[in-house]
Asks: 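One structure is given below, represented as structure tokens, and several questions about it will come after.
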Protein chains: 2
Amino acid sequence: METTQRSDHQTSADRRRRELLEAADRVVLRDGPGASMNAIAAEAGITKPILYRHFGDKGGLYAALAKRHTDALLASLRAALDAPAERRERVEATLDTYLAAIEARPQVYRFLMHPAEGGPQQPAEAGFDTGRNSIPVLRRMGEELGQVIEERLDLGPGTQQLARMWGHGIVGMMHAAGDWWLGERPCPRAELVRALADLLWGRLAAAGDRVGGPGF
Amino acid sequence: METTQRSDHQTSADRRRRELLEAADRVVLRDGPGASMNAIAAEAGITKPILYRHFGDKGGLYAALAKRHTDALLASLRAALDAPAERRERVEATLDTYLAAIEARPQVYRFLMHPAEGGPQQPAEAGFDTGRNSIPVLRRMGEELGQVIEERLDLGPGTQQLARMWGHGIVGMMHAAGDWWLGERPCPRAELVRALADLLWGRLAAAGDRVGGPGF
DNA sequence: ACTCCGAGTTACCGCTAGTAACATAGCTAG
DNA sequence: CTAGCTATGTTACTAGCGGTAACTCGGAGT
């Protein structure tokens, strides 16, 4: 019964891992991204070294935790992006999906956008990866959106690079506007969706100058 | 001679403060945002409690440090934005100014975009300010750009809110695209500037569908 | 019965942010 | 000249963090 035993063992380890992840999730959602390994271990009913055996270090745990949520968010975004509708509608649906997600679970959002933390010891070796500190979920979203744009649109020569730049740019726009909106709540969601879609549709370039200028 | 004395005292304290800030700057530029108070104090040739007397806590020091760089960056952006030229030219100049800044001093950029750190003790009191963790320099840039847009453009009713949303959105676009570009360096700066300006000019909406779709 | 292996624990290390208590210079008042 | 006050600086400490070494325990294999 080797297979059965090995399978049992595997599932046992996997189940443990999932239990730990769920405990970590609870703590992170309660205490924010500053949750300590001690607190997570306590919530899971065990002690620190077990966490380290399973996840290596805090970064590993956070990465595993972030991957779950990121995958879920990306799946729903992809669904909105792949809907059979006009381009403008799909863009609005995608924006709305993202904003609805961060609105519904702001703690998750906050955790996802704050994973690196720069740890206490940052040995400054590895040659200063300048862009390494970017938020992983944003990078992934940007890459995926860039791919979708490249697949769908005909942008002439240099399509691929243009699509990637746009992907990252649009994701950044969505993120920054969403973050500000989530903090100040100045208007309903639909209004922000419309405003951002309008921005992407070139209304900035089309707008007329103001008549009575700023300095008299 | 009370006034003179007090004045001397003031300038002395201010000079000290500036010296400390410059030392902190050096250390942060060398060690990244994870620079410790001990290291900064050593670089300044003094010990920790003095730093705390001057800046309260690490957040205070970082805020003071960030304010300097943020002010400088905002000033140069404002200059690009206020140039007497066509709108498209000004937008491109502003994008280029930002990208040139982060390209020229990536460590400063990295520090500015990573100030909060969430610290070890995040008491979770104060009711979970959902949006509080946003990067301050981005918020400031978004607000200022929103104001400029509001002053300059005629967007009909609801101009103010629309301008703010656009301000934060555009800044986020610039930031995310710049971050990705700084990490991968896939093309010269001017190309990214053009791509982002094209995006803002509605080329996404105007682009034609690809003929040979993705799935054959 | 003996061994091995994985799960788990206690107890520690080195580091951090931040602070209390003590020491020292220089100026002002009596 | 001495007493006191204020600013400036130090040493020595606390509490908590991420991370690890070394030990303990229970159950499978031969």
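Below, chains carry the letters A, B, ... as their sequence lines are ordered, and counting in each starts from 1.
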Asks: Quick one: side chain to side chain donor-acceptor pair (under 3.5 Å) pairs with a partner in residues 70-80 of chain B, sequence neighbours left out?
Replies: B:K67-B:D71, B:D71-B:R140, B:R78-B:E144

Asks: Using a 4.0 Å cut-off on heavy atoms, which residues in residues 47-54 of chain B reach DNA chain C? List them by number, or say none.
Replies: B:K48, B:P49, B:Y52

Asks: Under the side-chain contact (heavy atoms from CB on, under 4.5 Å) criterion, do B:L200 and B:L196 qualify, and how do the steps go?
Replies: CA-CA 6 Å; B:L200 288 175; B:L196 294 181; 5.8 Å; no

Asks: Roughly, in whole Å, what's the span from CG in B:D31 to C1' in C:dC15?
Replies: 14 Å

Asks: Starting from P on D:dT8, measure out to CD on B:E19 and report it in whole angstrom.
Replies: 12 Å

Asks: Looking at residues at least two apart in the chain, or sitting in another chain, which of them share a side chain to side chain donor-acceptor pair (under 3.5 Å) with A:E184?
Replies: B:R164

Asks: Any chance you could lay out the side-chain contact (heavy atoms from CB on, under 4.5 Å) test for A:I149 and A:L155, step after step, and finish with the verdict?
Replies: CA-CA 9 Å; A:I149 291 175; A:L155 298 168; 4.3 Å; yes

Asks: Distance check needed: C:dT10 C1' versus A:I46 CD1, whole Å only.
Replies: 14 Å

Asks: Out of D:dT8, C:dT9, C:dA17, which nucleotide sits closest to the side chain of B:R16?
Replies: D:dT8

Asks: Using whole Å, what does the distance between atom P of nucleotide D:dG19 and atom CZ of A:F55 come to?
Replies: 13 Å

Asks: Could you label the plane-to-plane angle of the B:Y109 and B:H175 rings as parallel, tilted or perpendicular, counting under 30° as parallel and over 60° as perpendicular?
Replies: tilted

Asks: Please report, rounded to the nearest Å, how far the P atom of D:dT8 is from the CZ atom of B:R17.
Replies: 13 Å

Asks: In this structure, how many angstroms lie between the C1' atom of D:dC13 and the CE atom of B:M37, rounded?
Replies: 17 Å

Asks: To the nearest Å, give me how far apart CG (A:D57) and P (D:dC17) are.
Replies: 17 Å

Asks: What's the separation between atom CD in B:E43 and atom CD1 in B:I40, rounded to the nearest 0.5 Å?
Replies: 9.5 Å

Asks: Between C1' on D:dA7 and CG on B:D14, what's the gap in Å once rounded to a whole number?
Replies: 15 Å

